[in-house]
Amino acid sequence: MQTTRVLFDSPSTEKAHLVSISNKNEIIEMGDFLTIGRASHNTLIIDDAFVSQRHARIEKRGNDYIIKDLRSTNGTLVNETPVLEAKLTQNDRIRFGETVYVFTTRSAARPQELSSKNQEWQKQLDRLPVFASTNYTVLINGPSGSGKELLAHYVHNLSSRKHAPFVAINCSALSEQLIESELFGHVKGAFTGADQDRRGAFETARGGTLFLDEIGDLPMNLQPKLLRALENQEIRPVGSDRTIKTDVRIVAATHKNLYEKVIKKEFREDLFHRLNVCRISPPSLIDRIEDFDTIFYNIAREMRVRFSFAAIEKMKDHTWPGNIRELKNVIARASAYYPSQSIEEGALADLIDKPMNTDTLPLDNLPPLKELERDLIVKQLERHFGNQRKAAEDLKMPKSTLNDKLRYYNIDPQEYKKRSRV
C-alpha cells in the first residue's frame, strides 16, 4: 500500500499527521491504524537500512494516538527516548532508524487567527505572518501575563518550521550552573552528576523554534556564548571540545526594557541588536480594554464558568496588573469557589485581589523592597500551608520563579507544611 501524501491546503489536514523532517512537504495522513516498516505490506514504507521489516504501528484509542514498537532491531524513539508503547503528543519527534517524523495535529496545521479591536495592536498582529515567513529572530517585549508565549507559538505555527519542535526555555527559572547545559547540552563527565551525554535546547529544537523566555535575565557570562551560537549557527556542549551546527529559529521574550539594561551595562549591546530584528510589543490588558469581552468569554467558555453581565462590566474597572494571566486566574478561582453557579457582582471581592496600597504606610517605616518581598512570600506560604503552586498563583508569578526566590531568601516551604499539622 502506498503512503498517502497531502499538502497543507488539502481539507484532509483536519486530522493528525506525521510530517517528514527531511521533506516537510511530505505529510502522512493518520487513520485509525498505521503500520510502519520496510516491508511492502506496511501503510508507511520507509526505505532505511536501519528500519525493520515490521518496525512499529500507531493506532487511535479514543482521542489519543498510541505508538507501539514491534520488536524492531534498532527500536522506536520518541523525542530520542526508546519506547515500547507511548502516547503521542503535539510535536513529538519519532525516529525509525535514521528516519525522523514529527507527529502533529490540526491545531498546529491551522493556527487560530489572532485579532484585536485595538487598532495599534492590530497593526502589530498584522505583521506576524510576515515575520513568520522569514527566518529572522523575533523579540517579544511586553508586560508579564500579556501572552508572550502564545505569540511565540503563533509565529512558530505560521512558519515553515511548524512541524518541527517548539522548545521553550525560561532564562529566569534556572541557575547559572544549569542554564548553559539546558541551552547547549553537555557530555558525560562534564560536571558532577553528568553521568551521560545530554542534548540541550538548541539540539532538541533542531529544525524548529527555540523560545527563550525572560531573555533579559540571561546571566552576563552566558550572553557571549548565546551571541556566538546565533551568529555562527553552532554550539559547543558543556565539557566538549567539538562544535555542533544548529538549525533553529529564535523567538525571545522579556518584560524588561532591554535598551535600558544595555545602557546600564547589564545586557550586551551586540546581543541586543542580534535579537532585536523583528519586534512586537504586546500591550497590557488595560491598554487594550476593547478586547476584554473577547478574551474573557474565550477563557470563561473553556473553564465553563458563568458571570452575570453586571459582574463582567464591574471587572472592567479593575486595572489588571497581572494582565491576561491575572484574568485567567480570577476565572479559575471563580470556578473553584462557585462551581455550577452564575457569578454575581457581589462575589468579585472574593475573586479579585485588591491592589497593594503603600500610600498609607509612613515612608520612614517602609521596609526595604527585598524584605517586603520576602515577607509577602512567607505570608502566602503560611496562608496555603506551604503549597508552592497556590502561593505562586496568589503572588502572580510562575512557580519556577517562586522556587528561585525561595532559594534566594533561604525559605523552606516544608516548615509551613509542618505547621498545618500542628
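Any value given below was found using the heavy atoms of this structure, including those in side chains, with hydrogens, waters and symmetry copies removed.
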To the closest 0.5 Å, what do you measure between CZ (Arg306) and OH (Tyr338)? 14.5 Å
Atom pair CG/CD1 of Asn42 and Ile45 - distance to nearest 0.5 Å: 6.5 Å
With distance as the sole criterion, is a donor-acceptor pair present between the side chains of [X] and [Y] under 3.5 Å?
X: Asp126; Y: Gln122; value: yes
X: Ser172; Y: Asn170; value: yes
X: His186; Y: Asp197; value: no
X: Ser308; Y: Ser342; value: no
X: Ser284; Y: Asp287; value: yes

Could you tell me whether [X] and [Y] have a side-chain N and a carboxylate O separated by less than 4.0 Å?
X: Glu59; Y: Arg61; answer: yes
X: Asp241; Y: Arg236; answer: no
X: Glu182; Y: Arg198; answer: yes
X: Lys390; Y: Glu393; answer: no
X: Asp217; Y: Lys256; answer: yes
X: Lys87; Y: Asp64; answer: yes
X: Arg161; Y: Asp247; answer: yes
X: Lys379; Y: Glu382; answer: no
X: Arg38; Y: Asp48; answer: no
X: Lys261; Y: Glu266; answer: yes

Heavy-atom pair of closest approach, residues [X] and [Y]:
X: Lys148; Y: Ile140; answer: O-CD1, 3.5 Å
X: Pro143; Y: Asn323; answer: CB-ND2, 3.7 Å
X: Leu128; Y: Val155; answer: CD2-CG2, 3.8 Å
X: Leu402; Y: Gln388; answer: CD2-O, 3.3 Å
X: Arg288; Y: Pro283; answer: CD-CG, 3.7 Å
X: His156; Y: Ser159; answer: O-OG, 2.7 Å

Using a 6.0 Å cut-off, check whether atom [atom1] of [X] has over 12 heavy atoms from anything other than its own residue.
X: Asn221; atom1: CG; value: yes
X: Leu84; atom1: CG; value: no
X: Gln233; atom1: CD; value: no
X: Arg199; atom1: CZ; value: yes
X: Lys245; atom1: NZ; value: yes
X: Phe50; atom1: CZ; value: no

Contact between [X] and [Y] at the side-chain level, heavy atoms closer than 4.5 Å - yes or no?
X: Val378; Y: Leu381; result: no
X: Lys316; Y: Asp293; result: yes
X: Leu88; Y: Ile94; result: yes
X: Arg333; Y: Asp353; result: yes
X: Arg304; Y: Ser335; result: no
X: Thr43; Y: Ile36; result: no
X: Asp213; Y: Ile169; result: no
X: Leu218; Y: Ile179; result: yes

Closer than 3.5 angstrom, by distance alone: can the side chain of [X] be matched with the main-chain N or O of [Y] as a donor-acceptor pair?
X: Ser52; Y: Thr73; result: yes
X: Asp32; Y: Lys60; result: no
X: Arg274; Y: Leu230; result: yes
X: Asp291; Y: Lys117; result: yes
X: Asp394; Y: Ala391; result: no
X: Asp69; Y: Thr76; result: yes
X: His55; Y: Asn74; result: no
X: Asn257; Y: Glu260; result: yes
X: Arg127; Y: Cys278; result: no
X: Glu214; Y: Ala253; result: no

Please work out whether the ring planes of Trp320 and His318 are parallel, tilted or perpendicular, with thresholds of 30° and 60°. perpendicular
Relative to each other, are the rings of Phe96 and Tyr101 parallel, tilted or perpendicular (30° and 60° limits)? tilted
Taking the six-membered ring for Trp and the single ring otherwise, decide whether the centroids of Phe267 and Tyr259 are under 6.0 Å apart. no
So, do Phe103 and Tyr65 have ring centers that fall under 6.0 Å from each other? yes
Can you list the residues that meet the side chain to side chain donor-acceptor pair (under 3.5 Å) rule with Gln119, with sequence neighbours excluded? none
Check step by step if ring pair (Phe, Tyr, Trp, His ring centres under 6.0 Å) holds for Phe184 and Phe202. CA-CA 6 Å; Phe184 308 126; Phe202 272 87; 5.6 Å; yes
